[in-house]
Amino acid sequence: MTEPGVAEGGRKRGGSSDDSDSGRDGLFPSSGQDRATKRTKGESSRIRNSQSGHSLLLSEQDGGRICISGQFSPILTSLGATLTPVFGYDLNVPSTGSAEATKIGINDLKVIVGQLIMSTVMDASHRPDIAGELLHRLMFGLATATDGKAAVSSESCPPCLESEALSDGRYGDIVGIGAKALATKFQERYPGEKKYPCVLEDLPFVLSKIGSHRSDNLVPVPRRVMDVLKRGGYLDLKRTDVGLWYQKATCYKTLAAASEDADDTQAETALCDAGMCSLEQRWRALKDKKAASGTTEDVASSKILLYLKAGPGDEGASALGDCPYAQYVRIVLEEKDVGYVLKPCTLYNKPLWLVQQYGGALPAISHGTEQYVESEICAQYIDFFFSQSLLTPRGMEDIRAAKEASSGIFPSLARYLTHTPDHDEVAEKYRADLEKALGRLEQYLALRHGSGDGEAGPYLVGDGRQFSLVDASLAPKLYHMHIGLQWFKDISTKDMAGRFPLVYRYMKAVFTRPSVKKTMPKSTVVVWGWTNARSSNE
């Protein structure tokens with residue numbers, strides 16, 4: 001095997017200053033920052049793990065290559081694998097030829113890669129920006145490694161050995177150190193609390209939910225980068241979107257393939273404990289575990305702590321805020337008759353676990369050892385674990401239709417209410433967008449329930465007789481519309497009854513439902529919240 005610091009042709013590292021590779025925008029530190037691994041053109045920089053003997057090859061010319069004891073090996077071809085690595089690797093395998101090397105399976109390769117990257121980013125003696133170089137190559141590929149403006153589609157940057165190894169706890173890095181290092185590097189490269197990775201192909205969908213005016217907040221990445229960043233703590237914007245909630249708790253996409261022994265409850269529980277399955281699988285295993293230990297009743301009787309936005313300061317520390325997503329979770333708790341304690345939060349009194357694990361995101365719930373953020377996940381957890389009638393009718397396509405028919409209302413409302421001045425040309429455009437979104441819901445209600453002949457119930461799913469999670473989610477947003485339009489735009493929702501009679505009837509039905517009525521914030525608090533939003537938007 002070639003010794004560290006010696007190129008493939010036997011040349012010692014060094015070379016003249018004319019050969020230095022200086023056009024990398026700081027991805028590779030200068031000699032003053034990097035004590036032993038300064039590269040020159042044509043060199044093979046390597047980092048060798050002293051315990052395993054495996055080496056990470058850093059030069060771009062070695063990218064995609066796997067060597068066995070210093071000799072190129074066609075191991076990936078032999079395995080029929082398509083996971084071309086973005087780095088090069090020289091494996092310390094006692095072998096004299098590729099035939100012996102093929103005894104290494106693809107999963108063995110992933111373990112080696114995962115362990116090698118983990119140990120490299122942990123060792124401060126190595127070059128300080130290995131994580132940065134890896135992120136760059138995962139983002140832009142090898143052919144464009146020097147061009148940070150290249151396309152980052154998932155097609156041009158397909159899954160690779162590194163992305164597969166770092167996104168899955170089975171492959172050498174159980175804790176996820178490598179993934180967290182990449183997430184930290186991403187945050188450094190794209191600073192700001194509003195900067196967020198988004199799969200390039202998902203941008204149109206995501207922007208339709210959060211508003212096109214937030215496009216500058218999103219950093220397009222290929223799917224393989226998102227897979228790693230998810231394990232490092234970021235959320236996948238599309239796949240945590242409530243558009244997938246009807247599948248019940250599968251909005252966190254499975255990070256690892258199901259075990260071949262999937263019918264073995266013990267194996268499934270082990271997978272769940274490792275964080276390598278969907279939330280529904282994890283919750284099912286947890287529920288089975290509680291049932292087996294006889295603690296199911298304890299779970300059902302223990303109160304849920306709901307952390308939510310606090311209200312105006314002059315109303316005291318216990319004042320509740322205006323957040324419609326927090327009201328959504330409260331509505332579900334009321335519908336399921338679950339005991340809960342409200343924990344209003346300011347910037348200064350959030351629990352440590354919420355800040356450290358989830359960046360302080362609200363609303364959040366804590367129930368025994370289980371802790372979650374995102375209102376949809378919280379609602380699904382409550383619906384799953386508490387035995388009263390389900391608020392999620394499963395296997396019903398009209399749940400998706402109901403969600404799609406109503407999903408555009410709140411983003412359009414937010415743009416309209418926060419825009420100032422209130423009656424300029426842009427404001428009128430935003431008003432038209434809101435009316436268009438209401439029109440889609442009106443049309444859905446007309447098709448789903450007829451024109452109010454009394455045969456169908458008042459709600460959105462199925463025959464309209466069952467109040468569901470989609471109703472619990474939409475009701476607070478319509479309440480904000482009711483208050484906000486009247487206060488800021490001088491538009492009464494009664495005035496809308498002529499154009500959207502079925503939407504108006506639906507609003508009356510949900511506003512008078514006990515769970516919704518009990519959890520409504522004061523109108524003054526809603527006005528306070530939107531006033532702050534308008535001020536920050538000026």
Side-chain angles (χ1 to χ4, degrees), residues 1-13 15 21 24 27-29 34 36-79 81-93 95 97-98 101-102 104-121 123 126-127 129-146 157-166 171-173 178 181-182 224-225 228:
M1 183 184 295
T2 307
E3 289 297 319
V6 180
E8 291 171 315
R11 301 183 306 277
K12 276 287 183 182
R13 272 214 184 95
D21 186 3
R24 295 304 310 279
L27 287 177
F28 289 94
D34 185 351
T37 53
K38 180 179 178 181
R39 300 192 311 155
T40 62
K41 290 183 178 179
E43 284 189 347
S44 175
S45 301
R46 69 169 64 224
I47 294 178
R48 182 176 181 272
N49 183 281
S50 58
Q51 291 184 328
S52 67
H54 302 311
S55 295
L56 184 65
L57 308 180
L58 300 173
S59 75
E60 293 168 15
Q61 67 193 36
D62 283 330
R65 291 164 54 90
I66 293 182
C67 299
I68 303 292
S69 300
Q71 301 295 319
F72 173 77
S73 170
I75 182 172
L76 288 174
T77 304
S78 301
L79 293 171
T82 58
L83 301 174
T84 302
V86 296
F87 282 139
Y89 297 90
D90 195 346
L91 308 184
N92 181 29
V93 176
S95 167
S98 61
T102 57
I104 300 176
I106 187 63
N107 288 341
D108 297 321
L109 271 178
K110 293 178 185 178
V111 169
I112 290 172
V113 168
Q115 290 178 337
L116 190 53
I117 292 177
M118 176 186 67
S119 63
T120 301
V121 299
D123 190 344
H126 294 314
R127 72 172 67 243
D129 209 18
I130 292 298
E133 174 65 357
L134 177 56
L135 176 63
H136 192 82
R137 294 192 187 191
L138 289 177
M139 289 272 290
F140 306 112
L142 276 171
T144 58
T146 58
C157 294
C160 60
L161 266 179
E162 291 86 351
S163 66
E164 290 281 302
L166 296 180
Y171 302 130
D173 188 355
L182 257 68
R224 67 186 186 186
V225 173
V228 178

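Please read these numbers as outputs of a predicted model, since none were measured by experiment.
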What is the minimum heavy-atom distance between [X] and [Y], and which atoms define it?
X      : Y      : value
Cys157 : Gly141 : SG-N, 3.8 Å
Ala131 : Ala181 : CB-O, 4.1 Å
Ala165 : Gly114 : CB-N, 3.8 Å
Cys160 : Leu83  : C-CB, 4.0 Å
Arg137 : Ser59  : NH2-C, 3.8 Å
Leu138 : Arg224 : O-NE, 2.9 Å

Do [X] side-chain atoms and [Y] backbone N/O form a donor-acceptor pair below 3.5 Å?
X      : Y      : value
His54  : Leu91  : no
Ser163 : Pro159 : no
Arg65  : Phe72  : no
Arg48  : Ser55  : no

Next on the checklist: Given Leu56, which partner from the list Leu116, Val113, Leu134 fulfils the side-chain contact (heavy atoms from CB on, under 4.5 Å) test?
Outcome noted: Leu116

[atom1]/[X] to [atom2]/[Y] distance, rounded to the nearest 0.5 angstrom?
X      : Y      : atom1 : atom2 : value
Asp90  : Ser73  : CG    : OG    : 10.0 Å
Leu166 : Leu161 : CG    : CG    : 10.5 Å
Leu135 : Glu133 : CG    : CD    : 9.5 Å
His136 : Met139 : NE2   : CE    : 8.5 Å
Leu57  : Ser45  : CG    : OG    : 9.0 Å

Checklist entry - What residues form a salt bridge (Lys or Arg N to Asp or Glu O under 4.0 Å) with Glu162, not counting sequence neighbours? => result none

Next on the checklist: Run the side-chain contact (heavy atoms from CB on, under 4.5 Å) test on Glu164 and Ile106 for me, step by step, so that the C-alpha distance in whole Å, both residues' side-chain angles and the decisive distance to 0.1 Å come before the verdict.
Outcome noted: CA-CA 11 Å; Glu164 290 281 302; Ile106 187 63; over 6 Å; no

4.5 Å side-chain heavy-atom contact, [X] and [Y]:
X      : Y      : value
Leu58  : Phe87  : yes
Arg46  : Asp62  : no
Val121 : Leu182 : no

Checklist outcome for this item: Sorted by chain and residue number, the side chain to side chain donor-acceptor pair (under 3.5 Å) partners of Ser52 (sequence neighbours excluded) come out as Asn49

Checklist entry - How would you list, by chain and number, every residue that makes a side chain to side chain donor-acceptor pair (under 3.5 Å) with Asn107, sequence neighbours excluded? => result Tyr171

Next on the checklist: The test is side-chain contact (heavy atoms from CB on, under 4.5 Å); show your working for Leu109 and Ile66 and say whether it passes.
Outcome noted: CA-CA 10 Å; Leu109 271 178; Ile66 293 182; 4.2 Å; yes

